[in-house]
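Just below is one structure, and these are the notes that go with it.
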Amino acid sequence: MYKFDAVINNKFIEGKERLNILDPTTLQTGGTVAALDEQDIDNAFLAARAAFPAWRDLTLIQRINYLTKWNELIAKNREEIAKIMTIEVAKNYKDALTEVDRTVEYITYTLEEAKRLEPMAFTGAGYDVQNKYAIYERLPKGVGLAISPFNYPINLAMSKIAPDLVMGNTVVFKPATAGSMTGSMLGKLAVEAGLPAGIFNVVTGRGSVIGDIITQNKELDFISFTGSVDVGHHILEIASTKDVILELGGKDPVLVLDDKNLDFYSDQIISGAFSYSGQRCTAIKRVLTTNAIADKLVPLLKERIEKLTVGKPMDNADITPVISPKAADFVQSLIDGAIKDGATVVIGNKRDNNLMAPTLMDHVSLKSDLAWEEPFGPVLPIIRNDDINELIKIANESVYGLQAAVFSQDIDLAITVAKQLETGTANINGKTQRGPDSFPFMGIKDSGFGVQGIHETLLSCTRLKGIVINYKNPLTK
Ligand SMILES: NC(=O)C1=CN([C@@H]2O[C@H](COP(=O)(O)OP(=O)(O)OC[C@H]3O[C@@H](n4cnc5c(N)ncnc54)[C@H](OP(=O)(O)O)[C@@H]3O)[C@@H](O)[C@H]2O)C=CC1
Ligand SMILES: O=C(O)[C@H](O)COP(=O)(O)O
């Protein structure tokens with residue numbers, strides 16, 4: 001049974017109360033973390049504020065050296081962190097190891113990329129620029145709040161924390177409850193790495209209990225949030241700062257426009273829809289195609305789904321339990337609703353509590369919530385329409401706009417359709433996905449705003465400071 005403490009000012013805080021972390025595989029407690037109260041949270045922000053000037057004033061290289069030591073410890077503890085993730089978010093061990101390795105690389109690349117954000121000398125036209133020199137420095141914004149979701153406990157944490165810290169900000173980090181052990185472990189390793197007290201603080205506790213306390217704290221300068229639309233929009237309304245980046249949900253469509261490479265399309269669709277049991281904001285969450293193509297595609301998808309293994313994270317099953325029985329109930333309600341509206345179950349629609357069989361639904365009606373809601377579980381609806389313009393319209397009618405994918409061997413058609421899709425990113429002949437992490441990642445509409453990705457995040461956690469020097473040429477007559 002794991003026991004982790006919160007980290008405030010490099011002190012380990014047990015909390016007056018403890019929070020049990022449910023292991024979605026055993027549905028038993030997998031460990032405990034601190035359930036902090038308002039005073040603890042105030043202390044975290046006061047520590048971050050107090051630590052900010054000294055940390056900001058270190059050189060970039062000094063900050064990089066601290067964070068490199070931390071990253072080395074994360075790499076050294078990769079198996080332990082991955083094991084914790086299998087317990088608290090039921091991610092299979094292989095994927096959990098991959099996420100840790102991906103994050104170590106993310107941090108390494110971030111620290112390298114930070115070196116390229118040198119102060120710029122700026123010259124331009126007009127405004128008698130010949131008598132001016134301008135230097136624009138990137139300065140840290142101050143105290144940042146990083147809030148991460150359950151599904152990528154280390155990657156969607158460090159993808160905020162590392163850029164924030166390396167650019168001179170200090171951070172208060174609130175991991176998802178399911179992910180709090182991983183988050184607390186990061187705090188423990190940060191102390192072990194010798195990071196200066198107060199620059200990185202981990203606050204744990206249920207978002208429904210401490211969330212508003214955190215986001216309304218007066219010490220806050222900026223927030224980077226990844227999670228659901230409802231919580232993201234709530235934060236926007238009440239937070240003490242309006243400098244907020246939101247990475248929210250998605251309902252990523254894949255438009256299959258020909259049958260010229262259905263085996264490849266099917267492989268991509270299955271991987272895109274069912275990795276981590278569909279619990280990815282960038283998961284493929286609907287297939288839009290014509291009747292003729294669907295008739296050939298559905299059997300290919302079915303035979304691939306039959307090969308997916310269903311079971312325990314430590315056995316590296318493809319499909320593992322979704323995060324909670326409540327989450328499974330929501331997914332089931334979408335399946336049941338679609339069936340009521342006339343959809344057919346091609347395969348699946350079986351569950352053992354929150355271990356859900358991968359499910360493929362065909363002839364899903366636009367009346368069904370499954371066509372529009374984000375399941376965050378292993379279910380994929382097929383929506384059929386023979387008019388390609390209707391398929392584009394259905395794709396764009398979603399309240400979400402994270403990513404989309406277009407499969408076609410006609411590159412002219414693929415580009416034409418991709419350009420019409422109202423999303424942050426449109427993938428041609430490839431599944432929807434946030435990685436590689438060096439790519440800009442952004443959503444529009446209810447999928448959020450602001451841009452993530454290593455370079456973009458380094459920019460978004462900093463502000464420019466201009467020094468304009470005016471001078472007269474003493475040599476002119
Ligand atoms: N666009 C993207 O990159 C991603 C989007 N998502 C989206 O996130 C959702 C699933 O993740 P999930 O963790 O369940 O999302 P939630 O929105 O439920 O929680 C996200 C984070 O917000 C915290 N939180 C909850 N309430 C508040 C509050 N009032 N104030 C401040 N923080 C709060 C949660 O803590 P606690 O766990 O304690 O409640 C958690 O740390 C899906 O909608 C998915 O699409 C997920 C990953 C990436
Ligand atoms: O939002 C998520 O769920 C993750 O950002 C998905 O990341 P990935 O597409 O690289 O798996």
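Worth knowing before you read on, the calculation uses all heavy atoms, side chains too, and leaves out hydrogens, waters and symmetry mates. The first residue of the sequence shown is numbered 1, and numbering continues consecutively from there. Start at 1 and go down the list; that is how both ligands and their atoms are numbered. None of the values given here were measured: they were computed from a predicted structure.
With no hydrogens or angles considered, a side-chain donor-acceptor pair links N155 and T103 at under 3.5 Å. No side-chain donor from either of N43 and D40 sits under 3.5 Å from a side-chain acceptor of the other. One side chain, T108 or N71, offers a donor N or O that lies under 3.5 Å from an acceptor on the other. Between the side chains of Y265 and K431, no donor-acceptor pair of N or O atoms lies under 3.5 Å. Inspection of the S368 and D341 side chains reveals an N or O donor paired with an N or O acceptor under 3.5 Å.
Considering only non-hydrogen protein atoms, atom 47 (C) of ligand 1 sits nearest to N151 OD1, 3.2 Å. Closest protein heavy atom to atom 37 (O) of ligand 1: T177 N, 2.8 Å. For atom 13 (O) of ligand 1, the closest non-hydrogen atom on the protein side is F150 N, 3.1 Å. Of the protein's heavy atoms, C281 SG, 3.1 Å lies nearest to atom 2 (C) of ligand 2. The protein heavy-atom contact nearest to atom 43 (O) of ligand 1 is E374 OE1, 2.8 Å. The protein atom (non-hydrogen) at minimum distance from atom 35 (O) of ligand 1 is K174 NZ, 3.0 Å. Nearest to atom 7 (O) of ligand 2 among the protein's heavy atoms is R434 NE, 3.2 Å. Distance from atom 29 (N) of ligand 1 to its nearest protein heavy atom, with residue and atom name: D212 OD1, 3.2 Å. For atom 39 (O) of ligand 1, the closest non-hydrogen atom on the protein side is G207 N, 3.6 Å. What sits closest to atom 17 (O) of ligand 1 on the protein, heavy atoms only, is S228 OG, 2.6 Å.
Of the options A239, G227, C281, the smallest heavy-atom separation from atom 7 (C) of ligand 1 is shown by G227. Nearest-heavy-atom check against atom 9 (O) of ligand 2 across N155, T226, N151, T282 picks out T282.
Of all the heavy atoms of I147, the ones lying under 4.0 Å from any atom of ligand 1 belong exclusively to the side chain. Residue contacts with ligand 1 for D230 are absent, since no atom lies close enough (heavy atoms, distance under 4.0 Å). Using a 4.0 Å cut-off between heavy atoms, V229 makes no contact with ligand 1 at all. Of all the heavy atoms of H234, the ones lying under 4.0 Å from any atom of ligand 1 belong exclusively to the side chain. Residue Y152 touches ligand 2 through its side chain alone, judged by heavy-atom distances below 4.0 Å. Contact annotation for S180 and ligand 1: no heavy atom of the residue comes within less than 4.0 Å of the ligand.
Close approach of ligand 1 to F441 (heavy-atom distance below 4.0 Å) involves ligand atoms 3 (O). Heavy-atom contacts of Q433 reach the following atoms of ligand 2: 9 (O) (cutoff under 4.0 Å). Every atom of ligand 2 with a heavy atom of R102 under 4.0 Å away is listed here by number and element: 10 (O). Listed by atom number, the atoms of ligand 1 under 4.0 Å from G249 heavy atoms are 45 (O). Listed by number with element, the atoms of ligand 2 under 4.0 angstrom from any heavy atom of G435 are 10 (O). In the vicinity of R280, heavy-atom distances shorter than 4.0 Å reach the ligand 2 atoms 3 (O), 8 (P), 9 (O), 11 (O). Taking every non-hydrogen atom of R206 and a distance limit under 4.0 Å, the qualifying atoms of ligand 1 come out as 38 (O). Per-residue contacts place G205 under 4.0 angstrom from the following atoms of ligand 1 (heavy atoms of the residue considered): 38 (O). Close contacts of ligand 1 with L248, meaning ligand atoms under 4.0 Å from a residue heavy atom, involve 1 (N), 2 (C), 4 (C), 5 (C). Atoms of ligand 1 found under 4.0 Å from any heavy atom of G211, numbered from 1 in the order shown, are 28 (C), 30 (N), 31 (C). Annotation for ligand 1: atoms under 4.0 Å from non-hydrogen atoms of T226 are 2 (C), 3 (O), 4 (C), 5 (C), 20 (C), 47 (C), 48 (C).
For the pair Y152 and ligand 1, no heavy-atom separation below 4.0 Å is found. Using a 4.0 Å heavy-atom cutoff, P175 is listed among the residues neighbouring ligand 1. Using a 4.0 angstrom heavy-atom cutoff, G443 does not count as in contact with ligand 1. In this structure, L156 has a heavy atom closer than 4.0 Å to ligand 1. For the pair K431 and ligand 2, no heavy-atom separation below 4.0 Å is found.
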Steps toward side chain to side chain donor-acceptor pair (under 3.5 Å) verdict (S159, Q452): CA-CA 8 Å; S159 59; Q452 298 290 279; 5.5 Å; no

With side-chain contact (heavy atoms from CB on, under 4.5 Å) as the criterion, how do T86 and N92 come out once you've worked through the C-alpha distance, each side chain's angles and the decisive distance to 0.1 Å? CA-CA 6 Å; T86 61; N92 78 40; over 6 Å; no

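R351 has a carboxylate O that lies under 4.0 Å from a charged side-chain N of D329, or vice versa, which qualifies the two as a salt bridge. We find that K76 and E72 are not joined by a salt bridge, their nearest charged nitrogen and carboxylate oxygen being 4.0 Å or further apart. Comment: K218 does not engage D42 in a salt bridge, judged by the lack of any side-chain N to carboxylate O separation of less than 4.0 angstrom. Salt-bridge annotation for K350 and D352: absent, with no side-chain N of the basic residue lying under 4.0 Å from a carboxylate O of the acidic one. With respect to the salt-bridge test (charged N to carboxylate O, under 4.0 angstrom), the residues E373 and K251 do not qualify.
Among the atoms of V231, none of the N or O lies under 3.5 angstrom from an N or O of ligand 1. Any N or O atom pair closer than 3.5 Å counts here, and P149 shares no such pair with ligand 1. Residue S148 places at least one N or O, backbone or side chain, under 3.5 Å from an N or O of ligand 1.
Seen from the ring of Y152, K91 counts as a face-on cation partner, given the 6.0 Å and 45° thresholds.
Counted within 6.0 Å of NZ on K141, heavy atoms from surrounding residues, nucleotides or ligands total more than 12; the atom is thus considered enclosed. Enclosure of atom NZ in K312 is not indicated, since only 12 or fewer non-hydrogen atoms of other residues, nucleotides or ligands lie within 6.0 angstrom.
Here the side chain of D164 pairs no donor or acceptor atom with the backbone of N169 at under 3.5 angstrom.
Aromatic ring centres of F150 and F376: separated by under 6.0 Å.
The distance from atom CD of E79 to atom CD1 of I84, rounded to the nearest 0.5 Å, is 12.0 Å.
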Side-chain donor-acceptor pairs of residues 315-323 under 3.5 Å, sequence neighbours excluded:
from : atom 1 : to   : atom 2 : distance (Å)
N316 : OD1    : Y93  : N      : 3.1
N316 : OD1    : K94  : N      : 2.4
D318 : OD2    : T309 : N      : 2.9
D318 : OD2    : T309 : OG1    : 3.1
T320 : OG1    : A90  : O      : 2.6

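Between K285 and G278 the shortest heavy-atom distance is CE-O, 4.4 Å.
The aromatic rings of W70 and F200 sit tilted relative to each other, their planes meeting at an angle between 30° and 60°.
Checking atom 19 (O) of ligand 1 against the protein gives no heavy-atom contact under 4.0 Å.
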